[in-house]
Amino acid sequence: MTQHVSGQAKHDILVVGDHDDRARQEFAMSLKRFTQDKLLPGLQPVFGGRALPKFKKEHGVEPVDRHQIRKAMVGDTYFQTYAMTNRVAQELLWSSVQQPLERNLDSINETAATLSATNKAPLESSSEFDVPCYVSAIDIHCMPGGYCSAESDAGVAAGALYDRGVYLYSMGMMGPDNDDMGRSVCNFISRNLDGFSPTAILDMGCTVGHSTLPYKECFSHAQVTGIDVSAPCVRYAHARTAAKGLEVGFLQRDATKTNFADGSFDLIVSHILLHETSGKAMPDVFKECYRLLKPGGYMIHADLPPFHKMGPFMQFILDNETHYNNEPFWGAMRELDQEQMAVDAGFTKANVRFDNAPMAIVEQFAPDSPPEPDEQEFAAGEFAPGGGWEVLIARKDPA
Ligand SMILES: C[S@@+](CC[C@H](N)C(=O)[O-])C[C@H]1O[C@@H](n2cnc3c(N)ncnc32)[C@H](O)[C@@H]1O
């Protein structure tokens with residue numbers, strides 16, 4: 001039977017640490033939850049009751065967009081307390097994993113290498129790989145060292161940090177295996193793409209394979225491959241997959257230029273990859289998907305909802321990630337016309353649309369009352385949506 005640690009499913013290379021480490025991890029997760037559940041709801045009344053009248057008095061008009069709302073709120077002590085507490089929780093959660101990771105790194109790397117040897121699907125990583133600077137230059141979402149932290153050529157540190165850290169970051173909302181996005185998109189495909197049974201599946205920006213593995217479970221006959229620009233993450237993904245008794249290949253490749261042959265896949269997916277790329281890379285990812293798809297194949301990107309789907313106050317809340325969580329492309333990505341971008345990449349307009357994939361975990365634990373897509377609440381963080389994941393779906397014309 002699978003054992004769990006604060007709700008996360010244990011496996012042979014999960015970094016948990018000792019009792020004190022776990023206490024720090026629980027505290028960081030609780031502080032994050034407190035910020036979301038208790039402080040966040042206070043922002044709207046503070047805006048309406050205090051910041052808005054003050055702004056109006058100073059400027060003669062009400063704030064109309066998220067930039068002006070931000071201007072009105074940024075000097076308010078309640079907002080500052082919220083933003084500061086959220087940031088502290090974020091830094092704490094990573095450091096609570098980093099400490100046991102650093103103490104145990106040699107044995108974690110050794111175990112990963114041993115496990116990886118039992119996963120017969122390919123693993124590819126190289127110290128010569130050209131990592132895009134929007135990944136290498138930043139400690140994304142305050143993760144120390146980012147996805148490509150420098151360490152030994154064969155190490156898995158960034159992957160190990162991400163696996164445990166993201167469980168705390170998402171406050172367990174991604175499920176015991178951190179795989180809710182993959183599961184939700186698999187369910188979406190089974191329900192909505194009648195008779196579609198992919199045989200070659202590519203997961204772009206797979207990190208440690210959290211969302212990749214559900215595709216192997218759901219489409220067991222298919223060849224499933226995860227790619228990512230981070231060497232420690234693909235190595236960790238390969239080992240973690242073996243720890244879970246599965247065989248899936250993980251390759252260090254760039255989603256904008258993958259080196260696979262034209263028409264290699266009938267399903268290409270990504271989960272929260274796009275908002276961590278750049279304005280230049282994102283169209284190239286779409287073009288690469290179009291090139292790699294077989295006729296009739298699907299591209300599905302699960303990511304953040306565009307700003308036009310919500311009001312300016314919610315935009316302001318969400319855009320705090322850009323300002324305080326080292327997410328430089330977070331807000332800008334939500335303003336892009338992704339449907340047009342898919343058309344520009346080659347997809348026919350009628351075959352491109354946004355949809356909503358209900359969260360698998362919500363359906364599993366509250367099967368009788370899943371939230372309607374219209375009711376979904378967007379909370380402040382990429383791992384804290386409401387009723388479902390936003391999916392951009394495009395089909396390549398059949399031959
Ligand atoms: C938020 S993580 C994705 C999480 C993962 N898909 C999951 O569901 O658990 C974003 C990942 O995208 C990767 N990435 C960013 N740009 C990339 C690119 N051009 N090609 C491949 N991977 C990329 C990063 O290295 C990082 O691992």
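Order of appearance sets the numbers: ligands from 1, and atoms from 1 within every ligand.
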- Message: For Ser125 and Arg235, which I'm curious about, is there any donor-acceptor pair between the side chains at under 3.5 Å?
- Response: yes

- Could you go step by step and tell me if Tyr134 and Phe329 meet the ring pair (Phe, Tyr, Trp, His ring centres under 6.0 Å) rule? CA-CA 9 Å; Tyr134 59 78; Phe329 193 40; 8.2 Å; no

- Which of the atoms in ligand 1, numbered in the order shown and given with their element, are less than 4.0 Å from a heavy-atom of Val135? 15 (C), 16 (N)

- Message: Does any N or O of ligand 1 fall below 3.5 Å from an N or O anywhere on Asp228, backbone included?
- Response: yes

- Query: Looking at Arg253, which atoms of ligand 1 are within less than 4.0 Å of one of its heavy atoms?
  - Reply: 20 (N), 21 (C)

- Item | Residue selection (non-hydrogen contact nearest atom 23 (C) of ligand 1) among Val131, Val208, Leu273, Leu274 | Leu273

- Going by the atom numbers of ligand 1, which of them fall below 4.0 Å from some non-hydrogen atom of Thr207? 2 (S), 3 (C), 4 (C), 5 (C), 10 (C), 11 (C), 26 (C), 27 (O)

- Message: Is there a polar contact, in the sense of an N or O pair closer than 3.5 Å, between Tyr134 and ligand 1?
- Response: yes

- Quick check: does Ala255 get an N/O under 3.5 Å from an N/O on ligand 1? yes

- Message: So for Cys206, does at least one of its heavy atoms come nearer than 4.0 angstrom to any atom of ligand 1?
- Response: yes

- Is Ser211 close to ligand 1, meaning an N/O of one under 3.5 Å from an N/O of the other? yes

- Message: Check for me whether Glu276 has a heavy atom closer than 4.0 Å to any atom of ligand 1.
- Response: yes

- Task: Please find out if less than 6.0 Å separates the ring center of His301 from that of Phe286.
- Result: yes

- Item | Pair Phe316-Phe79, ring pair (Phe, Tyr, Trp, His ring centres under 6.0 Å): steps then yes or no | CA-CA 12 Å; Phe316 151 72; Phe79 172 73; 5.6 Å; yes

- Task: Check the angle between the aromatic planes of Trp94 and His141 and answer parallel, tilted or perpendicular using the 30° and 60° thresholds.
- Result: parallel

- Separation between CG (Leu168) and CD (Glu26), nearest 0.5 Å, reads 8.0 Å

- Does one hydrophobic cluster hold both Tyr169 and Tyr167, with members joined at side-chain heavy-atom distances below 4.5 Å? yes

- Item | Interfacing atoms of ligand 1 (cut-off 4.0 Å, heavy-atom, Asp254) | 18 (C), 19 (N), 20 (N)

- Step by step, would you call His271 with Tyr215 a ring pair (Phe, Tyr, Trp, His ring centres under 6.0 Å)? CA-CA 12 Å; His271 315 81; Tyr215 291 89; 5.7 Å; yes

- Which of these, Leu251, Val229, Ile272, Thr256, has its nearest heavy atom closest to atom 22 (N) of ligand 1? Val229

- Query: Just which atoms of ligand 1 are under 4.0 Å from any heavy atom in His210?
  - Reply: 9 (O)

- Task: Nearest 0.5 Å please: distance from the CD atom of Glu288 over to the CG atom of Asn259.
- Result: 8.0 Å

